[in-house]
Amino acid sequence: MSEIESLKGQLDSLQTAALVAFAQAEDLSALQQLRVHYLGKKGALTEVLKGVGKLPPAERPVIGQYVNQTKAALTQALELSEAELAVKGKALRIEAERLDITLSGRKQAVGALHPVQQGLDEITAIFAQMGFAVAEGPEIEDEFHNFDALNIPPEHPARAMHDTFFLKDLHSDSGEPMLLRTHTSPVQIRTMKRFLAEHGEPPLAVVAPGRVYRCDYDVTHSPMFHQVEVFKVDRDVSMAHLKGVLQHFLSTYFEKEVGIRLRPHYFPFTEPSAEVDISCVFCAAKGCRICKGSGWIEVLGSGMIHPNVLRSVGIDGDEFSGFAFGLGVERLVMLKKGIPDLRLFFENDVRFLRRMGVSK
Amino acid sequence: MKIPFSWLKAYVPLTATPAALADDLVRLGHEVESVELPRAAVKGVLVGLITSKIAHPDADKLSLLKIDIGSAEPLAIVCGAANMGEGDKVPVATIGTSLPGGITIKKGAIRGETSCGMCCSEVELGLANESAGLLILPLDAPVGMEVGEYLALEEALFDLSITPNRGDCMSARGIARDLAADAALSFTDVGGKELLLDASIGAPQVVVSEHECPLYMARKIDGITVADSPQWMQSGLILAGMRPVNGVVDVLNYVMLTMGQPMHAFDANSLNGDIAVRSAVAEESFSALDGRVLKLHAGDLVVSDDHGVIALAGIMGSEATAVTDATTTIVLESAFFKPSRISETRRTYAMVSEASMRFERGVDPAMVSIAMQQATALLIELFGGVAGEVTVRGDADSINSGGRVVCSIARIESRLGVEIPVALDDTLVRMGFGIQRAGDSLAVTVPSFRHDVSIAEDLSEEYARIVGFDAIPSLLPPLATSAPAKPDSAIHDAVAGGFLQAVTYAFISAEEQRLFVADDGLDIILENPISDAMSVMRRSVWPGLLNAAKRNLNRQQPGVALVEQGRAYQRTATGHDESSVLAWLMTGEVVSDQWHSSARSADFFDLKGAVETWLSLRGLTGRFIADDTIQGLQPGQSAKILVGRAEAGRIGRIDVDIAASFDIDTPLFVAEINLDLLSDGKQAKFVPLQEFPAVERDLVFLFDKSNAAEAILNAVRSAGGKLLADARIFDLYQGKGVAAGKVSLGVRFSLQNAKRTLTQADSDAASTAIIAAMEKRFGAVLR
Ligand SMILES: [Zn+2]
């Protein structure tokens, strides 16, 4: 056998062995070792090339070309194997990183607004959108703002019905006993006085949320609760406007078109006065336990501001008129969210707060 | 106030159903609490005649009855009662009847014997709470008739809630008058019989020295025999919610309930000398009919004789002068007392009576005399006796007379938002008003019983209730476009940090107040608290939150994080103050055992972080100054919070003994910030983002433990020079390898420049400066 044939034979068997080895390589690092072994500076191919020097010069290009073919074949096979191993390796990695995605996620600490706060926010926002300015007032009040200015003189039966908390040895500048406000209506007086001092005369439209207190504590009464007072004073404000605002507010708050019914009633600070019912939101006004079969649920008291109240802040009742109403926040929230018991609001059970904190 | 339908029908020929009438009452402003239907409740119960009675073959205590109810075949009924026999008439509930107790009668078999109905007692008919056996009906009861009709059970009973301004409607007569006027039906007064008077019976001597009793009438009736009032009156009183007492008292109550005028009767023989209506003397004693003995206040309106007080006027009589079964001579009183005066006295002694409720709302002056006549007539008719002349002090016409309102029709229409046509005037006229229209002008005379009507707005209400609120259209007023105030987001920002908002009562116990505030006399105390636990206005929100935490931990919650926004109240040199505060509480687990983490309990820095975050959301920063003197907090874990120059809050761990008193044994952290002391935070302004990278370096030093991290970082910042962008403690270690009294702190700082990339030389220079500063300031050694 000639020298050249022998070299070609060596190259052929090297190629055969390498291709088998490449195909059998388990991973990329094994493949890398094979690359060094066959194609490295001191690798098997280089070893074979050492024999080329013994050939006559005329034959050298022939064998050179043969070596290049072998090298190309090996390189190509190597790249192929690398690609295959990369795909296989990724698949293995993916399998290794497979998760039990049914394990619970890492909880983020999420707080919640108290349902009464949510109610206050919602109610206030509806009126704010209608152009009512938001106002607040003190919880510790004097008799003048809580009663007298609202047309409730001392001997008035309504005054006794308010179950007022009085405060020991605390007096106003004019020496009146101080009390915890029994309703948010005193904000009417304070806001109107302040507004008139700044602007001279109406119009004004105000929504006043806040805490109020009554000396009454049982299953359906809390000694502290929340009210929102709403009033508007302008020229030619009428009961029709009162009905329009109530209808808009109640339908927006309950997120459905509710029917409203006004019943004549008596409040010292409004004349005429009306209690306001909504069509029962639980039974679509068909009659159920909650509406006592009537299809109506009482939600708030309202009326046209009594001229004596306007007079007490210096507004001429001949020129201006206004409507006012006060609503109990807890009651509206209970109706909207189906909360059965007033006491839940003040127990602050975190399970209740969390559940009611979920919006919608 | 409960009114039987029949009482209304005595005045007005009402034909409406009870339900329709209830709607009318509501429209007229008389709230209907409920409508009971006693007669309809026993519909299907018929008068039955027992035609045969034999013992049940298998049961000793049962009888087999054959009962004729007017149908072709007698009914076979098995009955367990013992008090009936052949020939008796009894109420029989037929198949399908629902009884007031809730049972519905079905055909059945009792011990093998068929029973086609049930014989009833008073209990089953809802007429009594107990009975000895079947209700045996009189022999003249027509067989087959509805028992409800035969017994004349009330068709309907209206429970009304009369508003305080409508004293005139505190009676069947008043309500009937309103209904009659509204429906244009005739109204007929009851009574008005001529009385035969005996002049020989002296008229009582009465002296009225009080102008707040503008009308007082008294009359003596001699020779009466007090007996029980008749059954029809007793059942009427019971329906109306009053207990029958004796004949005289029952008649007066009946007159009050039907006519609205409260009256009183004294036993004439127990009176001494003249009757006086006067103001009480201070400390004067009064033994009331309800058994209470009162020490009266000067100025209480009383009725007295020569020996002392015989009645708290308009509210309650005395025990000694009360009419009993033995009484033979009475003095009847009918009067008008000023409402405000009765209201005041009633409140002073917490003594509510049916009489005081009516006087307080204002009775009709015209009824004082009419009721006197009616009561006298009824008493003589029922119990015999002879009446004397009436003594009259004062004048009915002087009370509430001359009420007149003149106003513009346009004004009323503009207030109501609806027209008030002339046709409506007729209804008001039927209600007793006199009406004259001239162009736009309306002149109205007001009847004496409508003292609540005195201005145009009162008239507008009268028109509104006649026309009906439903007739008023619904209009949105022109809406102002005011810039809405920015809503306060304090609580919203606070719950964003994972806290649940609590709402606790603004009043706490005095003991709870003392936990966190010294007794400096500045507490605001309730005059009339619900209980000791709710008797002082809080000066800190913490006690309320502690109670909420206690309740939740008792309910097996592993951790609690609450925040509350509310007010704190205290006296000041010039009066009082309510400040708006935000308060946090944290205790127990902040992280629970999970597959990815192990449980961790809240510590000081959890809460400090929450407060810092809350402040930063408002563009504020707080400085936490260690303070061992905060009452109720554990020294070494408590601080005051400075925001700007204001000492705006406090934070710390609750003293373990205090925590233990709330049954809490986990570390408990609280914070409180006075919102009124916070300035407006900085508005966020755009700052160009840094283009060149920052370089970061870590240095670890040994410090004496007494050095505060805040002071160390401040020194790092000033030593680091202009390039220093940030510095923080990234590692804290004490223990093995670190000497006692020392702490190893790792400081990580970063340098940055807006114009160039920093070099190794920059960070070397900063490190050298910081190391030198740490050594010089704190004697710290680089590790
Ligand atoms: Zn319903």
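In what follows, chains are A, B, ... by sequence order, proteins preceding strands, each numbered from 1. Quick caveat, the model's predicted, so the values are computed rather than measured.
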Side chain / backbone / both / neither for Val110(A) at chain B, heavy atoms under 4.5 Å:
backbone
Is a salt bridge present between Glu136(A) and Arg567(B), judged by a nitrogen-to-oxygen distance below 4.0 Å?
yes
Between CD on residue Glu275(A) and OG1 on residue Thr163(B), distance to nearest 0.5 Å
10.0 Å
Minimum side-chain heavy-atom gap Leu353(A)-Gln501(B) below 4.5 Å:
no
For a quick test of reading the model, state the closest non-hydrogen atom pair linking Phe165(A) to Pro529(B) and the distance between them.
CE2-CA, 4.1 Å
Heavy-atom closest pair, residues His596(B) and Gly105(A)
NE2-O, 4.2 Å
Residues Tyr266(A) and Glu461(B): side-chain donor-acceptor under 3.5 angstrom
no
When heavy-atom pairs shorter than 4.5 Å are enumerated against chain B, which of Pro264(A), Ser222(A), Gly244(A), Ser321(A) gives the highest number?
Pro264(A)
Show your reasoning for whether side-chain contact (heavy atoms from CB on, under 4.5 Å) applies to Arg571(B) and Asp169(A).
CA-CA 10 Å; Arg571(B) 290 169 187 279; Asp169(A) 305 323; 3.8 Å; yes
Between Val245(A), Asp236(A), Leu103(A), which residue shows the highest count of heavy-atom pairs closer than 4.5 Å to chain B?
Leu103(A)
Determine the option with the most heavy-atom pairs under 4.5 angstrom with chain A, choosing from Met537(B), Glu564(B), Arg341(B).
Met537(B)
Quick one: what part of Phe127(A) sits under 4.5 Å from any heavy atom of chain B, side chain, backbone, both or neither?
neither
Atom group of Met224(A) that falls short of 4.5 Å from chain B, counting heavy atoms
both
Go through the atoms of Ser104(A) and report whether side chain, backbone, both or neither lie under 4.5 Å from a heavy atom of chain B.
both
Answer yes or no: is there an ion pair linking Glu347(A) with Arg555(B), defined by an N-O contact shorter than 4.0 Å?
yes
Below 4.5 Å from any heavy atom of chain B, which atoms of Asp121(A) appear? Answer side chain, backbone, both or neither.
side chain
Which answer fits Ile472(B), side chain, backbone, both or neither, if we ask what part of it has an atom under 4.5 Å from a heavy atom of chain A?
both
Atom CG in Asp216(A), atom CD1 in Ile530(B): separation rounded to 0.5 Å?
7.0 Å
Out of Pro138(A), Cys215(A), Pro115(A), Ser294(A), which one racks up the most heavy-atom pairs below 4.5 Å with chain B?
Pro138(A)
When heavy-atom pairs shorter than 4.5 Å are enumerated against chain A, which of Ser460(B), Ser408(B), Pro339(B) gives the highest number?
Ser460(B)
Is it the backbone or the side chain of His226(A) that comes under 4.5 Å from a heavy atom of chain B, or both, or neither?
side chain
Is it true that a side-chain atom of Asn348(A) and a backbone atom of Val503(B) form a donor plus acceptor pair closer than 3.5 Å?
yes
For Phe345(A), is it the side chain, the backbone, both or neither that has a heavy atom under 4.5 Å from a heavy atom of chain B?
backbone
Rounding to 0.5 Å, atoms CG (Leu262(A)) and CZ (Arg465(B)) come to a distance of 15.5 Å
Please check this pair: side chain of Glu578(B) against backbone of Ile140(A), looking for a donor-acceptor N/O pair closer than 3.5 Å.
yes
Identify which part of Asp234(A) has an atom lying under 4.5 Å from any heavy atom of chain B, answering side chain, backbone, both or neither.
neither
Would you name the heavy atoms of Arg415(B) and Met304(A) that are closest together and state the gap between them?
O-CE, 3.7 Å
Output, in order, the C-alpha distance, side-chain angles, deciding distance and verdict of side-chain contact (heavy atoms from CB on, under 4.5 Å) for Gln594(B) and Arg106(A).
CA-CA 9 Å; Gln594(B) 281 286 354; Arg106(A) 286 191 187 87; over 6 Å; no
So which of Pro268(A), Pro154(A), Gly322(A), Gly317(A) has the biggest tally of heavy-atom pairs under 4.5 Å with chain B?
Gly317(A)
Pro223(A) vs Phe507(B) side-chain heavy atoms within contact, under 4.5 Å
yes
Between Glu31(B) and Glu298(A), is any pair of side-chain heavy atoms under 4.5 Å apart?
yes
For the residue pair Tyr217(A) and Tyr505(B), does the interplanar ring angle fall in the parallel (under 30°), tilted (30 to 60°) or perpendicular (over 60°) class?
perpendicular
Only pairs of heavy atoms separated by less than 4.5 Å count here; which of Ser273(A), Ala274(A), Ala109(A) has the most with chain B?
Ser273(A)
Heavy-atom pair with the smallest gap, counting every atom of Lys232(A) and Pro477(B):
CE-CB, 3.8 Å
Among the listed options His265(A), Glu139(A), Arg261(A), the residue most often paired with chain B at heavy-atom distances under 4.5 Å:
Glu139(A)
So, does Lys243(A) use its side chain to make a donor-acceptor pair with the main chain of Pro473(B) at under 3.5 Å?
no
Looking at Thr574(B), Leu526(B), Val590(B), Val591(B), which has the largest count of heavy-atom pairs under 4.5 Å with chain A?
Leu526(B)
Please check this pair: side chain of Asn528(B) against backbone of Phe166(A), looking for a donor-acceptor N/O pair closer than 3.5 Å.
yes
Can Met178(A) and His576(B) be said to form a side-chain contact (heavy atoms from CB on, under 4.5 Å), step by step?
CA-CA 10 Å; Met178(A) 301 297 282; His576(B) 68 278; 3.4 Å; yes
For Ser238(A) and Ser414(B), which heavy atoms make the closest approach, and how far apart are they?
CB-O, 3.0 Å
Step through the shown structure and confirm whether more than 12 heavy atoms of other residues, nucleotides or ligands are within 6.0 Å of CG on Asp218(A).
yes
Looking at Thr504(B), Asp458(B), Ile491(B), which one has more heavy-atom pairs under 4.5 Å with chain A than the rest?
Asp458(B)
Report the option among Val560(B), Val418(B), Val26(B) that has the most heavy-atom pairs separated by less than 4.5 Å from atoms of chain A.
Val26(B)
How long is the straight-line distance from CD of Glu527(B) back to NZ of Lys168(A), given to the nearest 0.5 Å?
6.0 Å
Please rank Leu562(B), Leu476(B), Asn165(B), Ile455(B) by heavy-atom pairs under 4.5 Å with chain A and give me the top one.
Asn165(B)
Using heavy-atom distances under 4.5 Å, tell me whether Val237(A) contacts chain B through its side chain, its backbone, both, or neither.
backbone
Counting only heavy atoms closer than 4.5 Å, note whether Ile260(A) contacts chain B via side chain, backbone, both or neither.
neither
